[in-house]
Structure formats: C-alpha cells, structure tokens
Amino acid sequence: MTDEGTTVTTGAARGRVRDVWGHRTPFGRGDRWPDRADQLLAEGIAEEDVDRWVRSACALCSNGCGCDIAVKDGRMVGIRGRIDDAINHGRLGPKGLYASWQGMEHHDRLTTPLVRRDGELVPASWDEAMAMIVERSRALLDEVGPLSHGFYTSGQLFLEEYYALAVIGKAGIGTPHMDGNTRLCTATAASSLKETFGADGQPGCYEDIDECDALFLFGHNMAATQTVLWSRVLDRLDGPEPPVLVVVDPRETPVAKRAVVHLAVNPGTNLALMLALVHEVLANGWADDAYVTAHTLGLDALRREAEQWSPERAAEVCGVAASDIREAARIFGTSERVLSTVLQGFYQSSQATAASCQVNNLHLLRGMIGRPGAGILQMNGQPTAQNNRETGADGDLPGFRNWENPDHVAELARLWGVDPLVIPHWAPPTHAMQLFRYVEQGSIRFLWISATNPAVSLPQLSRIRDILAKPETFVVVQDLFLTETAELADVVLPAAGWGEKTGTFTNATRTVHLSEQAVEPPGEARADLDIFLDYARRMDFRRDDGRPLLEWAGPDDAYRAWQECSRGRPCDYTGISYDDLRRESGIQWPRREGETTSIRRLYADADFPTYPEYCETYGHDLATGADVGEQAFSAQRPDGRAFLKAAAYSGPHEPPDDGYPLRFTTGRSVYHFHTRTKTARSPELDAAAPSVWVELAEADAAARGLGDGDMVEVRSRRGRLVAPVRVTGIRPGTVFAPFHYGYWDAPESAEQRRPTAANELTITEWDPVSKQPVFKTAAVRVTRVEVER
Amino acid sequence: MKLPVYLSLLAGSEQTLADSYRQVAEAHGDEPDVHFLCLTLATQCDARRERLAAVIARYGAAPADDEPERLHTQGLGEPRTGPLGLLRDLQDVYLLASFADVTWMMVKQAAQALRDVELLDLVADSERDIEVQLRWLQSRMKQAAPQALIAAR
Ligand code: SF4
C-alpha cells in the first residue's frame, strides 16, 4: 500500500474497478443522455472538507471527460465529473476516478533535474542541467546543423506546450525531425481524414451515438479504451430503439459480446473485409448516386478495387463467414443513420490507412456524413493527440497547413517573423520510426524526448534500448517519473503534470477543455511549457526583427499565439478564449472570432476542404505512400469534393508459417494507460491488473496441453515474452498480450530473464501513408516454460 | 515488323527492374519501408512481365541477333550500403523504372497504330503502376537526401 492508503468512493463511483461502466441510465433514440454524477474522494475526506474544486478534464484517454479536481491543503484529494459537460454528462471511468489525481501524487515523482556523470544519473540544479543541454545543442548546430536535432514528444502534453515545441523546432532550429508518440496511436486517424477530405478534423460528434440506428466499431474496443463513451452506448443498447451493433475485432471483447454481427477477422486482413463491404454496397445499389456524383471523386478506381472482393473471397482471406459479411453490409446499406468508429484494430494493423479510408468511403457512398446519427469518428487514443496534430508537434505544419504549399509556409514565416527557408518544408516531416533510425545511424545526435516512454512503447524493444543507450547520442528526457527511457538519458528534467499546470487540450471530437492548475508541482518540477521556453531563451532564438522568437510569459500567451496561428484554418480557435472555456465546459472548434456557437458536425454541407489552396495535403497513393503532388491534385479539380481512395489488398508482411504458426496481436487492459506510469500508481488499478498475461483460444491451448495459469514463452523472430496463459474466446490461431508491462517496477534485468513487454515481439514496420507502426500482426510460437514464481 | 524487338526489350527491362527491386530490398533490410515496398513492387513487375508474355506469344520474340546490344539495360550491380548507398541505389532503380516507363510508351504507340485493344489495356494498367512506382521512388529519395548528404556519417 502506498502512503495515500486506500481510497473510498462516494455515491455512484463505489466499486468501479469491478463495475467498470457504472450503473445504467438507459435512453431512447434522440433523447438526451441522462446525467450521472461520478465522484471519488480520498479516504477520510468528506465533500465539506474540500477547499476548492478546480476545473479540468480527464487526461487518461482521448474521450476528454470534463471534471473538477478536489483540492485540500494544497493537495489533490479527489475528482468529480462535470454534469454540464457534453462529453460525459457527469460520468468518469475507473482511470479518471482512480488514476488521474492519485497517479500524480506519488513518492517516486522526479523532483530535481538529473545529469549523467561518470555513467551515473545524479541530481543537479536547473541551471546545470539546462546549461549542459544548451552547450550540446549549440555545438551540434554549429558542427552539423539543424538535421542533427530530433524531438520525440507525446500525446499527453497541453496544446500550448506542443505549439511552443513546434515553433522551436520549425522556426528556432529548423529541423524536420519532430514527431510524437501520437504516431503510434492516432497517425492513421489523421491520415485517413486527410486523404479522404483534404484535411484533418473529426467529422462526427458523440451526440451521434444518441441518434444512430446502426453503430459500427471497426477495430475499436471502446469498452476498454473509452469507458465513458461505452457507457453511453450501453445506455442506448439498454434503452428503447437500440442501435444495431456491428463489431470487427479478432478478439471476443466486451464490445463484440454485445454485437449483432461480430466479424472476428484474421489480424492483418481488414482491407479485404472493407473492400468486400464496399463491393456489397455498390453491387446492391445501396449507394446514394446523386451524392456520390456531386460530392466525390474516384468512384471508378474504387469500383475497380472492390469488384474483385466478393464476400466469399473476403471470407476466405479474413476467416469469417460470407453470410456475416453480407449481413454487415446489409445493415450498413439499409440503415438510415449509421455511425462508425475506428481505432487501433485498424490503425495498428496492415494497410492501416487504406483500410480506414474504406470506412470514410462507405459513408460517402451512402451520403452518411454530417447528419445527426450519420457520421464518422476516426478516434484518437491519447488525451491530447489532437493538439499534437493541430500544432505540428507531430512534424506537420501548424494549423493543418500544407508543407507542399509555399503560401502556407510563407504565412507561418510571417507569423513567426522568420525567413520561409528556415521552416523545413522540402519533404514530409520525419516520422518517429525514421527518426529513431537516424539516431541509430548516428546522424541525429541530439534527441529530446518529452512525456513519453519509447523504451517500452515502440516496436522491437531490444533495438530501441540499444539506440537510446548509444554513447554518442545526447538524450534529454522530460517526464514525471524515472521511466525506462529516462534511465537511459544524459539529462532528465522533472516535469509538472496534470493539475500542476494550466493549459488546454482537445478530445477526439474537437472539444477543447481548459485544465487549470490545482496544486504546486512537487520539488523543483516545472511545467513542460516553462522548460521549452527556458530552452528557447537560453538558445537565444530570435525573429528577423531581433525580438525573441517566443515572447511568452505563460500558457495564456502561448494560447493566444496559437489562436492567431489557427485563424482561417479548419481548426479555427479564434472564438474560443480561456474565459470562454471558464464559462462553458468544453467547446468544439471551429469557432471563429465573434461567433458564440460551434459547428457540431463537419461537412453537413458536403463542402470538403479539398481546395488546392486550402487543403492540408495533396494526398498520397495508399499502397506506397507516394506523393500525389500539387499538379496532379489540382488537375482533378477536387474543389470541395471528397476522394474515394483505395489500394489493392496485399496482406500482412509476416504471415504465420511452420516455425511461427500463430498470429500475435497486442492491445490494452481497461485498467491501464500506456506504460502504466500513472495507472499502476493507483492501488485500485494496480491490484485489478498487476501483471502481464497472454490470451489463447481453447483449441490452441489444448493442442499444446496448456490451461489457465500455465506459464508460456511467446517467441517471434525478434524477441520473447514470458507470461501466464488465459484461455479466452479469441479467434483460433491468434495470440494476444497487453502492451502495458515494461520494466520500471520489475526486478533488475527482467527484460533478459523474464520479459513482459509485448513489444519485444513486434515487427519494425509501418503503414506507407500514416507511418503508424504495425503492432497487431507478427508471427509467433508458444511453448510451455517452467519459471520460478 | 520490329515490334517484337521492343516487346523483348520491355520484358527484359521489367526483369531487370524486378531483380533490382529485390536486390535493394535485400541490401537495405534495415529500412523496413524500403524493404517491404521493394518486394511488393518487384511482384508488380513480375505480373506485368507475365501479361506481356501473352503478347509476345502473339507477335513473336525478337530474333537473337536483331537487337543492337547497347539497348539492353544493365541491372543494379553490387548494391551499396549506408544512407548515401540507399540514395544512390534508389536513384539507379529510378532510372531503370523510367526506362521501362518510356519503353511502355513506345509500345503503346505501336499498339494504337495496330488497334490492338488487348495490348492497349495492358499498357494502360502498366503505365498506371509504373507511374506510382516512379512517384514513390522520388518521394523516398527526397525524404532521404538531406540527411544522407548533410548529416550522415
Ligand atoms: S473515459 Fe477517458 S477521459 Fe473519461 S474518465 Fe475514463 S480515462 Fe478519463
């Protein structure tokens, strides 16, 4: 037990580790989702003891539930959901209730900078640590230039922090090597939206759940990833006129158990299934021809790809019944309001962008977009991934600007007061996997990692550990805890976290929340924004007119600068001020200056951002990632029409064979987030899912003489994992492990003796368009092992 | 009729291109995108050559002594290593793909004059494929060039 001891809950929140989604509040189609106030206070704290409630939103998944933080005597002592927030109507899930505030106050938080001296990380002052960073940074800029610098950031910082980092990288240093771990979780969401609609931006909203009559979850285990959103679906399913639920997922997830049609496809075969669904919609005349003619381009090419995919052929490839494919297509083709959501089952699998674009295609073919209940949610994983994409901390240009469009680059140069030549725009930004490859090859020699833990989260971990440990690379890590990655750094900077700093973030449906500082950070920890600004000051980055590049004193200045940057772009924030966010709990962009309402659903007018001078990208070939280019793009005269794009199915690159006969796939536990840096520090969540396991189908377990609890080694061509078996309803031939379990809380050298991280096994490979790594298809074998417990 | 000379030339250049993609995939296995895509693109070349075989069966192959030797495309030779090597290998493959592309274009001209619908269909599909291959090679080289030419060691 930690020094906080156990926590008690009040009201409906009691026992929510077991009762993950809380009690039901059923409602009918088109009704308002009823409120439910979820609240949790530390043991011994009653409501009247709380000194203040501070406005925030939960930052433990992309749902972005509005909440208030309870503060007593300068400490966070609890949390409550905000009734007036459109995202959650008062609810919070187990991670929000137990981990958000308890994860922060913990005895092993970093409280002082650390620097490596004689091989050891030792405490140092901020001055010493920053001086070391600046000295190395300057030396490399002089010797090699901007291409020696790389930045790898997070999906968990605030908008203001990402924007500061983006300006430093693009206008201060001028390096294209910047990406976030959002590359692992949400890159395909962005890519599929850009390829189809010309720019990023979530078309739908959560009210579409209240209105739909069919709900398709494509590779989205919503019950585990966004528990409050799943509560909303459960309340529809238990109410009058429930939607018909269709689920595509190799595992028998809680979501799949409620489905009318569950398509348990072989990992890596999504695109074949999707082309068959497109085929059926076209072949049965379910397309809205008038809509397709007026508002889309590319039907002939799509038809050519889909033609070859009869349900029978897809059934063979995907390992599901042709009749189930037909039934799913019929539901999609004949329902009046279809809502689709897409997540990692598609994004982290083979041909991710091509498969996800087919979801957009299905909606375009049926004209089901921008109407209540008829929409698309290309979901995000992390709480602030959206801001990373908007501000360009993922390498893109801020404000969904197009790096191939010289006018967009010039706009930014004017805004930042620098020469356009400084802003890297000669090629696409360097994606995470390529960035680490450049580090491996020694051409990036200064790597700054903020709020993320690549030593557990990237594929093929043994390789990543070697890369980070290279002595010639200078690695800065900025985090709350001494993570597996921080242990390999040259300088470690202690960061303030949620509740300890002020800033905004935006959820998967364009909803912006303000998260205010509730308490002081521990020790000498500082807000990430302050750290970036300090670096910029010490590096003396300046505009052409001699003023400092970043003249910001704090988050409100940074936010105002961002508003200016977003002006006139699809993600326009100019009508959303901090004061507005203090008045309204959650505001959707776009809201332009002077406006008082937001656009709830994009593209109700079917006017898509594909105008050549306005779009975020000229697009790519989905099979190879080849750039289309300005000329070819403009020659199609898209001018507001959306693209129906496809690619030929090519299948997973590492299919099972005699040596490695099973397909390995990874995923998450409902109780944990990422590498558990916060969730495992909540005693309730840690107890609920303390250690790794692997899931096998009954037939595969029986064939190896295995039962529940037997220890096995799962081995791929790249590494191994040791864990107890759980026999589940997963599809035969498939092995699953959760990816949360690294080594920060494991005994010394566990990664050699008894590895637990799923990414020891995964392959280094990525989608050609979104560059998102393929975590969900690798070939493995499973054998029994004896280990001392 | 000299079309058989060009059909054989085309089959040969597709063969060389496929071999070169495979060599690059092998030599640069540590660049997973290059590795997997080059293997896929090699398969596309094979497919084009197979379809071309049916056309050659109709028109006949070039007589062994009919084609000036200098028209043969040389393959990649010994693949290189490292960032600069990757760039140069991709650039060589680009030249081979361009050669195949323009050869298809000439065959298309002849197919039009011959009103050979089957061959025209094949050319249309092949040109679409190669056009994407060329664009991918360009995209990948543009991405790699600054790092290879400035920062790589
Ligand atoms: S659903 Fe997501 S945002 Fe809401 S409480 Fe749970 S973890 Fe937090």
Side-chain angles (χ1 to χ4, degrees), chain A residues 140 143-150 174-177 301 304 350-351 404 424 426-431 433-435 437-446 459-460 463 472 620-629 632 647-648 650-654 763-769 771 773-774, chain B residues 21 24-26 28-48 80-87 90 93-94 97-98 101 121 124-153:
Chain A
L140 278 170
E143 187 196 332
V144 187
L147 298 179
S148 59
H149 280 50
T175 176
H177 307 323
R304 213 168 31 235
S350 311
Q351 299 189 278
E404 290 185 277
W426 51 78
T430 310
H431 58 94
M433 302 302 292
Q434 187 67 51
L435 198 153
R437 175 71 178 140
Y438 288 152
V439 179
E440 185 175 35
Q441 291 177 320
S443 63
I444 290 179
R445 283 184 260 167
F446 177 96
Q460 206 180 341
R463 171 172 170 260
E472 65 271 28
H620 302 84
D621 171 64
L622 296 191
T624 60
D627 299 326
V628 168
S650 62
H653 282 143
E654 193 181 69
I763 189 168
T764 298
E765 191 204 344
W766 52 84
D767 180 68
V769 183
K771 321 292 186 197
V774 180
Chain B
Y21 276 129
V24 174
E26 198 53 44
H28 301 282
D30 286 340
E31 315 295 339
D33 57 338
V34 172
H35 174 80
F36 287 118
L37 266 171
C38 282
L39 290 179
T40 305
L41 300 184
T43 321
Q44 284 183 5
C45 302
D46 296 344
R48 290 199 291 269
R80 308 162 174 97
T81 56
L84 193 61
L86 174 69
L87 191 58
L90 290 176
V93 174
Y94 183 84
S98 309
D101 186 45
D121 269 0
D125 290 351
S126 303
E127 285 194 329
R128 209 171 29 235
D129 272 7
I130 295 198
E131 193 258 330
V132 173
Q133 295 194 0
L134 287 167
R135 275 197 287 123
W136 174 71
L137 287 162
Q138 258 191 28
S139 304
R140 190 64 179 81
M141 285 189 287
K142 278 166 72 177
Q143 178 206 322
Q147 203 69 10
L149 299 181
I150 298 168
R153 296 203 270 188

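If you're wondering where the values come from, they're calculated on a predicted model, not measured in any experiment. Just so it is clear: chains get the letters A, B, ... in the order the sequence lines come, proteins before strands, and each one is counted from 1.
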So B:Glu131 and B:Arg128, salt bridge (charged side-chain N to carboxylate O under 4.0 Å, His left out) or not? Walk me through it. CA-CA 5 Å; B:Glu131 193 258 330; B:Arg128 209 171 29 235; over 6 Å; no
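- In this structure, B:Glu26 places its CD atom where only 12 or fewer heavy-atom neighbours from other residues, nucleotides or ligands lie under 6.0 Å away.
- A:Ala427 touches chain B through its side chain: at least one heavy atom from C-beta onward sits under 4.5 Å away, while N, CA, C and O do not.
- The greatest number of non-hydrogen atom pairs below 4.5 Å with chain A, out of B:Pro83, B:Ala151, B:Ala145, is found for B:Ala151.
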For A:Glu472 and B:Arg153, what are the C-alpha separation, side-chain angles and deciding distance, and is it a side chain to side chain contact (heavy atoms under 4.5 Å, CB included)? CA-CA 12 Å; A:Glu472 65 271 28; B:Arg153 296 203 270 188; 3.6 Å; yes
Worked verdict on A:Gln351 versus A:Leu622 for side chain to side chain contact (heavy atoms under 4.5 Å, CB included): CA-CA 8 Å; A:Gln351 299 189 278; A:Leu622 296 191; over 6 Å; no
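- For A:Glu143, no part lies under 4.5 angstrom from a heavy atom of chain B.
- The residue among A:Glu765, A:Lys771, A:Arg437 with the most heavy atom pairs within less than 4.5 Å of chain B is A:Arg437.
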Criterion side-chain hydrogen bond (donor to acceptor under 3.5 Å, both in side chains) on B:Gln133 and B:Tyr21, from CA distance to verdict: CA-CA 11 Å; B:Gln133 295 194 0; B:Tyr21 276 129; 2.7 Å; yes
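- One finds a salt bridge joining B:Asp33 and B:Arg140 here, because a Lys/Arg side-chain nitrogen approaches an Asp/Glu carboxylate oxygen to under 4.0 Å.
- Heavy-atom pairs under 4.5 Å with chain A were tallied for B:His35, B:Gln147, B:Arg135; the largest tally goes to B:Gln147.
- For chain B, the nearby part of A:Arg445 is the side chain; its heavy atoms alone come within less than 4.5 Å.
- Contacts of B:Leu134 with chain A are absent, with no heavy-atom separation under 4.5 Å from either backbone or side chain.
- In terms of heavy-atom pairs under 4.5 Å with chain B, the best-connected choice from A:His620, A:His177, A:Arg463 is A:His177.
- Neither the backbone nor the side chain of A:Glu654 comes within contact range of chain B; no heavy atom of the residue lies under 4.5 Å from a heavy atom of that chain.
- Residues B:Tyr94 and B:Gln138 bring a donor and an acceptor atom of their side chains to less than 3.5 Å of each other.
- Interface remark: A:Ala623 contributes backbone atoms only to the contact with chain B (heavy atom separation under 4.5 Å).
- Of the two parts of A:Thr624, the backbone and the side chain both hold a non-hydrogen atom closer than 4.5 Å to a non-hydrogen atom of chain B.
- For A:Trp426, the parts sitting under 4.5 Å from any heavy atom of chain B are the backbone and the side chain alike.
- Looking at heavy atoms from C-beta onward, B:Arg48 lies in side-chain contact with B:Ile130 at the 4.5 angstrom threshold.
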